[in-house]
Structures are given as C-alpha cells and as structure tokens.
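One structure is given below, encoded as structure tokens.
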Amino acid sequence: KEAKGGLRDLQTLYWIGKYLHRVASSEGLVQAGLLTAEEYALFQRAENFLWAARCHLHYITGRATDQLTFDLQVEVAARMNYRDTQGRRAVEHFMQDYFRHATRVGELTRIFLTELEARHAKPEARLMGFLNRRKVSAGYKLVQGRMDVADPARFLKDPLNMLRLFEEALRSGYLIHPNVMRLVASNLSLIDDHVRDDPEAVRIFLRILLDHGNPERGLRRMNELGVLAAFIPDFEPIVAMMQFNVYHHYTVDEHIIQCISVLAQIERGELVEELPVATGILKGGVNRKVLYVALLLHDIGKGRPEDHSILG
C-alpha cells in the first residue's frame, strides 16, 4: 500500500488531479492531459493487480494487512492463479509481475509530477535554470533542467538515438525529461535485429558501460524504460525476476546493476578499505570490457532449466 509504486502512489495521482482539475474519476487524468491513454491503461492494470493482491492479504489473515510478507506471498500467488513452470515457482512469477507493476507506477508518478511542474513552475525558477545550465549536444534541449530532444520526429529517424540518449545523459550529467521517456517507451520496436547487429550500436552501448564512470545510472534508466531488454532480448525474462529464498534480497536485474555499480566504485577507488585485493587487481590493469560485460551477463540465464552459470 505505502511502498514505492504501490496503491498510495496511484491514489495520490488521482487526488492531485481531482483537486487541480476536478476530475470525477481517475480516467479524467487523460482528459486533463496529465496521462496519455496508454499510460492510463498501465495505471488501470497496476491498480487492479495491487487491489487484488491487497484484498487477498485481508482475506488470508482476516484483518487489515498491507505488507506482502515472505510467508504470505505463496498463498496470494496461488489465489491469483499463478502456477509453477519448469525452472520457476508460481510465487516467483507472481512477484515478478508485482515488481513490474510497481516499476511502471514509479514511471507514471515521475511523468505525472513533471507535467505538473511544467504547468506550475514559477518564471524566476525558469530564469535561474536558464542562467545555470550546462551545455547539451546538438539535437537536445533543456526543459525544466532536464534533457529533452529538440525534434522528436528527427530523433526517431535514427534508431541508434535510442541508445545515444543515455550516453548523452551520462556525459552531460542531466536527468532525462519524461517527454523523452514517453517517446522512447512507445517506440521500442525500433530497436530490432538490425540495430542489435550494428557495430556502432555496440560501440555506443560499451561507451555507456565503460567510459563515463557511473554506468549503473544509465543501465538503470535503460532498464526501467525497456531499452535494455529491447537491445539485449535475453535480459527481458530477468527484469523484475525474484528468487524465493532467504539469501536473494534483490530482483535479478537490480542485482546485476548493483554489481556493475560496485565494480565502478572499486575502479573509482572508493572501496579501498573494504575491498583492497579487488582494488589492487583493477589498478594493476585488466581488460575492462571483458570484466564489465561478463558481470552484466553473469546471471542473465536465471530462471531457466539449464545451469544459469553456464548459460550466462
């Protein structure tokens, strides 16, 4: 209920819309221009899923229960008709859907609040933002201190721009504007086999991974918007994948991104005391590309019948 991407977030979006625009239902957020029809469809699917899970929690425990605890997840999954499949348990499928819905709600919240900010930003704040701005490359512009594309149609003409965007965000240090997030999320089909096989696309991706010192920031946003799974299709099944045991605290995709983050911290010399041996190895010189790519792929085979270590 109260977690990030939970029911309270969805309710808050509606309450704000109701107060500002007098909408009679959550569907009115579309008429008010705060969400697109596609985004509202995501809103509805997430809301239905979260309400169903919450109601099952109440019925199982016989009282108001808003925490999806480890012991209750199995029974809620069964009640919502999830089934075991080869290599994965029903509860793991259920929790993967939960995390995917929560991620989408988080994105909707970001888009919604940025739209509100654009409508209500004060002129003085805009002026200060203009005076303090850093430069962005050709083809981009700054809107509310975030990076937007200057010409969406031109941007989409070259599918490699779907990758260049994230490198430019890392290079410039700017956050990506939700306008571009919407544009990218609705055009993922442009990232096809032709793009995946393009040597320049591979070079851009490797620069994101290797050249800017904080690859986890780019990877996490690429993952949230579906770009990582589109560019590396084998990554898609592990997005929001949880493993039902006591020693995996993160979904598989988040675990991988955090591993990359720690590796980057070691390289930056931030973990000398905690990890002196690893720090010394990196300072001694290694093939960084092999190391980063191997770490990115080491758990990509999780959830399949084969040994994930070999498959990865």
- request: Could you tell me whether the side chain of Arg146 reaches within less than 4.5 Å of the side chain of Tyr174, counting heavy atoms only?
  value: no
Query raised in the report: Any ion pair linking Lys302 and Asp299 (charged N to carboxylate O, less than 4.0 Å)?
Result: yes
Between Ile176 and Met181, the two heavy atoms sitting closest are O-CE, 3.1 Å
What do you reckon, is CD of Glu2 surrounded by more than 12 foreign heavy atoms closer than 6.0 Å?
yes
Between Phe99 and Ala240, the two heavy atoms sitting closest are CB-CB, 3.6 Å
Would a distance-only check, ignoring hydrogens and angles, find a side-chain to backbone donor-acceptor pair under 3.5 Å from His21 to Val23?
no
| task | Show the numbers, then the answer: is there a side-chain contact (heavy atoms from CB on, under 4.5 Å) between Val30 and Thr36? | result | CA-CA 6 Å; Val30 178; Thr36 66; over 6 Å; no
Nearest heavy-atom approach of Leu271 to Thr279 is O-OG1, 3.6 Å
>> Measuring only between side-chain heavy atoms, which start at C-beta, is Ser172 closer than 4.5 Å to Lys135?
In response: no
| said: Count I, L, V, M, F, W, Y as connected when their side-chain heavy atoms are under 4.5 Å apart, and connections chain through other members. Are Val286 and Leu263 then in the same cluster? | reply: yes
* To do: May I have the step-by-step check of side chain to side chain donor-acceptor pair (under 3.5 Å) for Arg8 and Gln11, ending in yes or no?
  => CA-CA 5 Å; Arg8 184 65 76 221; Gln11 291 164 346; 2.5 Å; yes
Check your understanding: Are more than 12 heavy atoms from other residues, nucleotides or ligands located less than 6.0 Å from atom CD of Gln44?
Key -> yes
Within the supplied structure, the quantity of interest is the number of heavy atoms (other residues, nucleotides, ligands) at a distance under 6.0 Å from Arg268 CZ; does it exceed 12?
yes
The reported gap from OG in Ser189 to CE in Met162 (rounded to nearest 0.5 angstrom) is 7.5 Å
**Study point:** Check against side-chain contact (heavy atoms from CB on, under 4.5 Å), Tyr140 and Leu165
**Key:** CA-CA 9 Å; Tyr140 299 97; Leu165 168 71; 3.9 Å; yes
SG of Cys259 to CG of Leu219, rounded to nearest 0.5 Å, is 12.0 Å
>> With a 3.5 Å distance limit and no angle check, can you tell me whether Thr109 reaches the backbone of Val105 through a side-chain donor-acceptor pair?
In response: yes
Item to complete: State, with a plain yes or no, whether a side-chain heavy atom of Leu228 is found less than 4.5 Å away from one of Phe205.
Response: yes
Basic-acidic side-chain contact under 4.0 Å: Arg100, Glu236:
yes
Value for CG (Leu296) from CD1 (Ile257), rounded to nearest 0.5 Å, stands at 8.5 Å
* **Lys/Arg-Asp/Glu bridge criterion (N-O < 4.0 Å) met for Glu267, Lys283** => no
field: Lys/Arg-Asp/Glu bridge criterion (N-O < 4.0 Å) met for Glu75, Arg79
entry: yes
- Out of curiosity, does Ile256 fall in the hydrophobic cluster containing Leu311 (side-chain heavy atoms, cut-off under 4.5 Å, transitive links)? no
Point to revise | Glu107 bridged to Arg110 by N-O distance under 4.0 Å | key: yes
Any sub-3.5 Å donor-acceptor pair from Arg104's side-chain atoms to Ala46's backbone N or O? no
Tightest non-hydrogen contact, residues Val272 and Gly269, listed as CG2-O, 3.4 Å
Scanning both residues in full, the closest heavy-atom pair of Leu175 with Arg217 reads N-NH2, 3.8 Å
Between Glu92 and Arg89, does any NZ, NE, NH1 or NH2 come within less than 4.0 Å of an OD or OE carboxylate oxygen?
no
In terms of heavy-atom contacts, Leu160 and Ala201 come closest through CD2-CB, 3.5 Å
Checklist line | Backbone N/O of Thr103 and side chain of Glu224: donor-acceptor pair under 3.5 Å | finding: no
Find out if a path of hydrophobic residues (ILVMFWY) with successive side-chain heavy-atom gaps under 4.5 Å connects Leu42 to Phe112. yes
Subject >> Cation over ring face, Arg22 and Tyr19, 6.0 Å, 45° >> reply: yes
Find out whether Tyr14 and Leu10 are in side-chain contact, i.e. whether some heavy atom of one side chain is under 4.5 Å from a heavy atom of the other.
no
Practice problem: Measure the shortest side-chain to side-chain distance between Gln67 and Leu72 over non-hydrogen atoms and say whether it is less than 4.5 angstrom. | Solution: no
What orientation do His298 and His255 show, parallel under 30°, tilted 30 to 60°, or perpendicular over 60°? perpendicular
ask   = Would you say Phe235 and Met222 are hydrophobically clustered, going by side-chain heavy atoms of ILVMFWY under 4.5 Å?
value = yes
Check: Would you say the side-chain atoms of Asp193 pair up with the backbone N or O of Arg196, donor to acceptor, closer than 3.5 Å?
Finding: no
query = Passes side-chain contact (heavy atoms from CB on, under 4.5 Å), Phe94 versus Asn81? Steps please.
reply = CA-CA 9 Å; Phe94 164 65; Asn81 297 316; over 6 Å; no
Practice task
Could you check if a side-chain atom of Thr65 sits within less than 4.5 angstrom of a side-chain atom of Ile60, using non-hydrogen atoms only?
Solution key: no
Check: Taking C-beta and beyond as the side chain, do Leu57 and Thr69 meet within less than 4.5 Å on heavy atoms?
Finding: no
CZ (Arg203) and CG (Leu206) are apart, to the nearest 0.5 Å, by 9.5 Å
Margin query: With a 3.5 Å distance limit and no angle check, can you tell me whether Asp198 reaches the backbone of His194 through a side-chain donor-acceptor pair?
Written below: no
Separation between CD (Gln96) and CD1 (Ile238), nearest 0.5 Å, reads 9.5 Å
- Task: Start with the C-alpha distance between His93 and Tyr82, add both sets of side-chain angles, then the distance that settles ring pair (Phe, Tyr, Trp, His ring centres under 6.0 Å), and finish with yes or no.
- Result: CA-CA 7 Å; His93 289 290; Tyr82 285 86; 7.4 Å; no
- Asp148 side chain to Lys141 main-chain N or O, any donor-acceptor pair under 3.5 Å? no
**Request:** Check step by step if side-chain contact (heavy atoms from CB on, under 4.5 Å) holds for Leu295 and Tyr292.
**Result:** CA-CA 5 Å; Leu295 201 57; Tyr292 272 91; 5.8 Å; no
Here the gap from Met241 atom CE to Ile300 atom CD1, rounded to the nearest 0.5 Å, amounts to 10.5 Å
*Pair Arg164 + Glu167: basic N to acidic O under 4.0 Å*: no
(request) Determine, for Asp66 against Arg54, whether the closest basic-nitrogen to carboxylate-oxygen distance falls under 4.0 angstrom. (result) yes
So that I can tick it off, tell me whether Arg182 and Glu39 are bridged by a salt bridge, with the cut-off set at under 4.0 angstrom between side-chain N and carboxylate O.
yes
Answer yes or no: is there a donor N or O on one side and an acceptor on the other, between the side chain of His58 and the main chain of Ala64, under 3.5 Å?
no
